[in-house]
Trainee: 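Sharing a structure with you now.
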Amino acid sequence: MLRAQNKNLAQQALREVLGSRLFWLMVAGGVLLDLAGGGTQAFYLAGVILLSLFILRSLLFSPHLFFPPGPLSSTQDELRRLREEVRRLRRGR
C-alpha cells in the first residue's frame, strides 16, 4: 500500500517536473554551457543573454514559475471562467 502510494507520488512529481518550463530552461542552459566549454567567451556571453531572455519571458507570462499557485487558485480560475460564460450567455439573450 505504502509502496504504491510512493510510486504514484514519484510519478506525479516526475510529470510535474517534465512539464515545467523552468526545468527545460535549466537543462538548455546546462547544455549550452557544456557546449561552450571549449568555445570562446563570446559564446558564454551569448548563452547567458539568451538564457536570461528566456527566463524573463517566462516570468512575464507565467506568474507561477517560481512560486506555486495557492490551494484556491484553480477554484478561482474556474469561478472566473464561469462568470465570463454567464456574462456571455446573458448578452446572447
Side-chain angles (χ1 to χ4, degrees):
M1 166 98 177
L2 190 59
R3 285 186 184 200
Q5 198 173 27
N6 284 343
K7 183 179 176 181
N8 289 338
L9 285 173
Q11 289 173 348
Q12 180 184 357
L14 187 61
R15 280 191 303 269
E16 288 180 15
V17 165
L18 292 178
S20 169
R21 282 185 273 165
L22 179 62
F23 172 75
W24 291 112
L25 283 173
M26 293 179 74
V27 168
V31 168
L32 186 68
L33 289 176
D34 185 50
L35 290 174
T40 63
Q41 296 297 328
F43 194 66
Y44 274 121
L45 182 61
V48 167
I49 290 172
L50 185 64
L51 190 60
S52 299
L53 289 175
F54 278 138
I55 290 173
L56 283 175
R57 191 187 118 239
S58 296
L59 283 175
L60 291 176
F61 293 114
S62 177
H64 305 300
L65 184 66
F66 293 111
F67 304 105
L72 298 178
S73 67
S74 61
T75 306
Q76 292 168 347
D77 292 341
E78 184 66 24
L79 181 62
R80 189 178 313 112
R81 279 191 292 259
L82 287 173
R83 285 180 179 163
E84 289 172 4
E85 187 170 343
V86 167
R87 281 189 210 118
R88 184 182 58 80
L89 290 173
R90 285 183 180 164
R91 279 183 267 151
R93 284 191 208 183

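Remember, it's a predicted structure, so these values are computed and weren't measured experimentally.
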Trainee: Check Leu51 against Leu25 and note the closest heavy-atom contact, atom names and distance.
Mentor: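 Scanning both residues, the minimum pair turns out to be CD1-O, 3.5 Å.
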Trainee: Taking side chain to side chain contact (heavy atoms under 4.5 Å, CB included) as the criterion, tell me which of Gln5, Gln11, Arg3 meets it with Lys7.
Mentor: Gln11
Trainee: Calculate, to the nearest 0.5 Å, the distance between atoms CG and CG belonging to Leu9 and Leu14 respectively.
Mentor: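 Separation between the atoms: 12.5 Å.
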Trainee: Less than 4.0 angstrom from a charged side-chain N to a carboxylate O is my criterion; do Arg87 and Glu84 meet it?
Mentor: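 Salt bridge absent between Arg87 and Glu84.
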Trainee: Hey, could you give me the OG1/CG distance between Thr75 and Leu82, rounded to the nearest 0.5 Å?
Mentor: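 Reported to 0.5 Å precision, the distance equals 11.0 Å.
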Trainee: Given the rule that I, L, V, M, F, W and Y join up when any side-chain heavy atoms are under 4.5 Å apart, are Leu79 and Val86 in one cluster?
Mentor: no
